[in-house]
There are 2 protein chains.
Amino acid sequence: MPYGDAMNARVRSEERRAEIVRAALEVIAERGYRGASLAAVAERVGLTQQGLLHYFPTKDALLVAVLKDRDQWDAVPATQWRVDLLASMVEYNAMRPGIIQTFSALLGESVTEGHPARGYFTGRYRQVRESMAAVLRAEYGERLPNGLTPERTAPLLVAVMDGLQYQWLLDPESVDMPGAFRDFLALLGEGA
Amino acid sequence: MPYGDAMNARVRSEERRAEIVRAALEVIAERGYRGASLAAVAERVGLTQQGLLHYFPTKDALLVAVLKDRDQWDAVPATQWRVDLLASMVEYNAMRPGIIQTFSALLGESVTEGHPARGYFTGRYRQVRESMAAVLRAEYGERLPNGLTPERTAPLLVAVMDGLQYQWLLDPESVDMPGAFRDFLALLGEGA
DNA sequence: AACGAAACCTACCGCGTTACAGGTAATGGA
DNA sequence: TCCATTACCTGTAACGCGGTAGGTTTCGTT
């Protein structure tokens, strides 16, 4: 089976890369991107730092893979989102602090000058705002409170999600993230 | 003038420290705390790295001074805040991206493990939520939309401010931070 | 004039960092 | 069986980092 074995090798390599990306997510959550050393990531998958560089030639390349991984992860078609699914997602997130912490840390770093993830986040947020505006329009039409348009409401929705994450990460016992998010949604529902 | 000159020396020293803190704010805005080197801060005030260590014996000590500086800055008695003043503050902030960037970067870093500013932010947000709840109560009493209490609304208010800051820092031309914040306040005013 | 402290500096240490160079063992296809 | 590729490793270069040690100059006080 010529192709079968070739596949096996490729699959194994791909699995290794995925394993590394997963480890990188963890280390970034713990130390941020700047604080995450290749050696620390490598150690977590049983490699030397130089062994890791065999899979990702530079640290930035690893970060790119991490970001792509996330893109793939929540690439749900925007049309399939509904507001109550957003609430469920927030609830789900509350059970996986690791990933939230990774991307909250990255988002914070990304506003600094010349950060390799800056472009990514700028583009992503532009796109997420668009998606959210579409979701809001599908759900409420133009009947949002105070004559708000979906386009003007979307940044608020996104801001609430992100802002709550920071408060929750810093002090999970004082902040009921899913509950607060539902409160916000209720605020939007008032106009209907 | 024995005491007068003594004061001059002390004042000059204090001024130097303030100058250093200001420089540190800038460098942290550009590179985050982990990425900010003492040498970079020192250079900005015309000192060597070791000369800076004469004023702040460790890097952490400098960070503490930076955080204290901020505390002092917005130590307005909570009772004097009003909701429309919050809107003004957001508007004012939109003209000073540097400081916002500093503390947005620090907030992002602070959720990582063992970050020296983590305790500070945890305590600060707890306190800010309390303040905001008081402000909301003074303004709206218990008549918030949907039967929301001030205590449950405060985290949302804080989250919107922080979340908008990130979106705005990443893409100032796409995000009207003060306008969006006013939109949110209008949402709260609906119930009155 | 003499002294003590403050305000710096030079020199240096030890460590951690990314990345490059080059070698080696295993693997799998021709 | 041979050979190329893959998957690592050791070694090392080159640098930046926070922090220490110890000296020197400046300055205010006595």
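In what follows, chains carry the letters A, B, and so on, assigned in the order in which the sequence lines appear, proteins first and then strands, with residues in each chain numbered from 1. Values below: every heavy atom of this structure, side chains too, minus hydrogens, waters and symmetry copies.
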To the nearest Å, give me how far apart [atom1] ([X]) and [atom2] ([N]) are.
X: Tyr33(A); N: dT17(C); atom1: OH; atom2: P; answer: 14 Å
X: Arg34(B); N: dT17(C); atom1: CZ; atom2: P; answer: 11 Å
X: Leu47(A); N: dT6(D); atom1: CG; atom2: C1'; answer: 13 Å
X: Ile20(B); N: dC8(C); atom1: CD1; atom2: P; answer: 8 Å

Nearest-0.5 Å distance that lies between atom CG in Asp176(A) and atom CZ in Arg182(A): 6.5 Å

Close residues, residues 36-45 of chain A, relative to DNA chain C [heavy-atom separation under 4.0 Å]: Ala36(A), Ser37(A), Leu38(A)

Positions of residues 50-63 of chain A (non-hydrogen atom under 4.0 Å from DNA chain C), listed by number: Gln50(A), Leu53(A), Thr58(A), Lys59(A)

Do the side-chain N or O atoms of [X] get closer than 4.0 angstrom to the phosphate oxygens (OP1, OP2) of [N]?
X: Arg17(A); N: dA7(D); value: no
X: Arg16(A); N: dC8(D); value: yes
X: Arg31(A); N: dG16(C); value: no
X: Thr48(B); N: dC8(C); value: no

Inspect the surroundings of [atom1] in [X] and state if more than 12 heavy atoms from other residues, nucleotides or ligands are less than 6.0 Å away.
X: Glu43(B); atom1: CD; result: no
X: Glu151(A); atom1: CD; result: yes
X: Arg34(A); atom1: CZ; result: yes

Heavy-atom check, side chain of Asn93(A) versus side chain of Gln165(A), under 4.5 Å: yes

Ring centroid separation Tyr120(B) to Tyr125(B) under 6.0 Å: no

Main-chain N/O of Val175(A) paired to Gln167(A) side chain as donor or acceptor, under 3.5 Å: no

Parallel, tilted or perpendicular: ring planes of Tyr166(A) versus Tyr166(B), cut at 30 and 60 degrees: parallel

Face-on cation placement of Lys59(B) at Tyr33(B) ring, 6.0 Å and 45° thresholds: yes

